[in-house]
Amino acid sequence: EKKLAILTSGGDAPGMNAAIRATAKIAESCGFEVYGIRRGYLGMLNDEIFLMTGRFVSGIIDKGGTVLLTARSEEFKQARFREIAANNLKKKGINYLVVIGGDGSYRGANLLYKEYGIKVVGIPGTIDNDIYGTDYTLGFDTCLNTILDAMSKIRDTATSHERTILIQVMGRHAGDLALHACIAGGGDGIMIPEMDNPIEMLALQLKERRKNGKLHDIVLVAEGVGNVLDIEKKLRGHINSEIRSVVLGYIQRGGTPSGFDRVLASRMAAKAIEVLNNGEAGVMVGIEKNEMVTHPLDEVDSTEKRKSIEKDYELALLLSK
Ligand code: F6P
């Protein structure tokens, strides 16, 4: 008998529920018995594994967060705890697993695959867009749009008061959210961890804008660059305009998923089940050049192989002047 469990792990992201729904529906239609695991790997360890009926996934496609709940489990890094978790799956006869989550989620998934032969497929779900092997992660698009909405509102007050406002956005070590928000929201400056960000260069750019008659500046600061208040302090010595900072925070992780994220979630789920049906496992699904693809979890583990963002950075600089 084919028994498949689904879990979400790491920071929640809009679109996770759409992925849970599509995975459950498609798996069921392919003859799998579908289980849910609450609280990610922690729940696997604590045996929070339940038979998931169709009703569980109804009415969730447009909901942010994850109905399966999520956690970051430190214990799962230890072999003895993984053994308990794997046994919890095995005693229910579960031999297939779909993991929806961010970077850290795949190390656990890969170990379950290698050590216990559980047929695992990963679906990249994180607002950060920081996972190798996919052009987009689930939640990135929704989050980007949340940031854009905030930018418009912040710009209104920035203009009225003729201020320079720094907006710190999420992304952990990745600058994708800041970069895309700068391009799409008409940002006036950008700082991302992948690049050197000399404060003098930013200051020069902002001074030039004011000389040209601009009444405000909106600067996107990726959290990976450092604390925005420290950056604000540094910038004070260089420009004359009044400066304020905003940390957008968890507002970026919530909200109803965009159409793009819902379609992506559904396509990724379909690919995940297709892969398992073909007898493949130990891979993450992704989207590259608008095609659904897979990459071995071993490759996904390595962070250095992330796609280059230099071109987008140049574009952001050009457009922010
Ligand atoms: O990975 C998603 C993310 O929101 C990052 O952008 C951020 O650095 C981190 O999670 C915050 O983690 P926590 O939920 O533990 O505060």
Side-chain angles (χ1 to χ4, degrees), residues 8-23 61-66 70 99-106 122-151 167-185 187 190-194 220-225 248-269 271-272 284-293 295 300 303 305-313 315-316:
T8 50
S9 157
D12 65 341
M16 279 185 164
N17 282 329
I20 294 167
R21 168 187 179 267
T23 304
I61 193 167
D62 59 347
K63 302 285 182 290
T66 161
T70 185
V99 172
I100 306 164
D103 191 26
S105 318
Y106 300 120
I123 293 182
T126 165
I127 59 165
D128 300 338
N129 208 38
D130 61 347
I131 298 178
Y132 167 76
T134 188
D135 294 343
Y136 296 104
T137 56
L138 284 185
F140 174 71
D141 181 67
T142 306
C143 179
L144 172 62
N145 282 292
T146 301
I147 297 170
L148 293 178
D149 181 48
M151 276 178 80
I167 306 180
Q168 179 178 306
V169 300
M170 281 185 167
R172 203 179 292 269
H173 308 299
D176 292 45
L177 281 169
L179 197 51
H180 285 239
C182 184
I183 295 170
I190 172 88
M191 297 178 95
I192 56 171
E194 292 87 346
L220 276 304
V221 180
E223 65 175 347
V225 172
L248 278 193
Y250 292 103
I251 195 171
Q252 295 165 99
R253 286 234 296 257
T256 187
S258 65
F260 179 87
D261 275 330
R262 296 185 209 182
V263 173
L264 185 61
S266 306
R267 291 175 78 187
M268 284 179 170
K271 183 69 177 177
M284 186 195 81
V285 302
I287 185 165
E288 285 178 336
K289 302 191 176 103
N290 211 28
E291 292 285 339
M292 302 317 291
V293 297
H295 288 277
V300 176
T303 42
K305 279 200 242 157
R306 275 197 64 231
K307 60 203 169 296
S308 153
I309 56 172
E310 275 164 33
K311 271 268 168 216
D312 279 343
Y313 182 70
L315 180 63

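Please read all numbers here as calculations on a predicted model, not as lab measurements.
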**Student:** Show the nearest heavy-atom pair for residues Pro14 and Gly255, with the distance to one decimal.
**Tutor:** CB-O, 3.8 Å
**Student:** What pair of heavy atoms forms the shortest contact from Pro257 to Gly64, and how long is it?
**Tutor:** CD-N, 4.1 Å
**Student:** Does atom CD1 of Ile251 have more than 12 heavy-atom neighbours from other groups under 6.0 Å away?
**Tutor:** no
**Student:** With under 30° as parallel and over 60° as perpendicular, where do the rings of Tyr132 and His295 fit, or are they tilted in between?
**Tutor:** tilted
**Student:** Do Leu248 and Ile167 come within less than 4.5 Å of each other through their side chains, counting heavy atoms only?
**Tutor:** yes
**Student:** Which residues satisfy the side-chain contact (heavy atoms from CB on, under 4.5 Å) test with Pro124, sequence neighbours excluded?
**Tutor:** Tyr106, Ile131, Thr134, Thr137, Met268, Met284, Val285
**Student:** Taking side chain to side chain donor-acceptor pair (under 3.5 Å) as the definition, give me every residue that meets it alongside Arg21, ordered by chain and number, with sequence neighbours left out.
**Tutor:** none
**Student:** Using every non-hydrogen atom in the two residues, find where Gly139 and Ala13 come nearest and quote the distance to one decimal.
**Tutor:** CA-CB, 4.2 Å
**Student:** Return the OH to CD1 distance between Tyr313 and Ile183, rounded to the nearest 0.5 Å.
**Tutor:** 11.5 Å
**Student:** For the side chain of Glu291 and the backbone of Glu288, is there at least one donor-acceptor N/O pair under 3.5 Å apart?
**Tutor:** no
**Student:** Is a side-chain donor or acceptor of Asp130 paired with a backbone partner of His173 at a separation under 3.5 angstrom?
**Tutor:** no
**Student:** With a 4.5 Å limit on heavy-atom distance, are the side chains of Glu194 and Ile309 in contact?
**Tutor:** yes
**Student:** Mind running side-chain contact (heavy atoms from CB on, under 4.5 Å) on Lys63 and Thr256 for me, showing each step along the way?
**Tutor:** CA-CA 5 Å; Lys63 302 285 182 290; Thr256 187; over 6 Å; no
**Student:** So, the side chain of Glu223 versus the backbone of Arg172: is there a donor-acceptor pair under 3.5 Å, distance only?
**Tutor:** yes
**Student:** CG of Asp128 to CG of Asp176: how many Å apart, nearest 0.5 Å?
**Tutor:** 8.5 Å
**Student:** Could you report the tightest heavy-atom contact between Arg262 and Ser266, atom names first, then the distance?
**Tutor:** O-OG, 2.8 Å
**Student:** Set out, in order, the CA-CA distance, both residues' side-chain angles and the distance that settles side-chain contact (heavy atoms from CB on, under 4.5 Å) for Ile61 and Asn17, then state yes or no.
**Tutor:** CA-CA 6 Å; Ile61 193 167; Asn17 282 329; over 6 Å; no
**Student:** Could you tell me whether the side chain of Leu220 reaches within less than 4.5 Å of the side chain of Val169, counting heavy atoms only?
**Tutor:** yes
**Student:** side-chain contact (heavy atoms from CB on, under 4.5 Å) with Ser258: which residues, sequence neighbours excluded?
**Tutor:** Asp141, Thr142, Phe260, Asp261
**Student:** Can you find a pair of side-chain heavy atoms, one from Asn129 and one from Leu177, that are under 4.5 Å apart?
**Tutor:** no
**Student:** What are the two closest non-hydrogen atoms of Asp12 and Thr66, and how far apart are they?
**Tutor:** CB-CG2, 4.1 Å
**Student:** Any side-chain to backbone donor/acceptor pair from Gln252 onto Met170? Under 3.5 Å, distance only.
**Tutor:** yes
**Student:** Is the shortest side-chain heavy-atom distance between Asp149 and Thr146 below 4.5 Å?
**Tutor:** no
**Student:** For a side-chain contact (heavy atoms from CB on, under 4.5 Å) check, start with the C-alpha distance between Arg267 and Asn290, then their side-chain angles and the critical distance, and finish with the verdict.
**Tutor:** CA-CA 11 Å; Arg267 291 175 78 187; Asn290 211 28; 3.5 Å; yes
**Student:** Quick check: closest heavy atoms across Ala19 and Ala265, and the distance to 0.1 Å?
**Tutor:** N-CB, 3.6 Å
**Student:** Side chains of Ile190 and Ile192: closer than 4.5 Å at any heavy-atom pair?
**Tutor:** yes
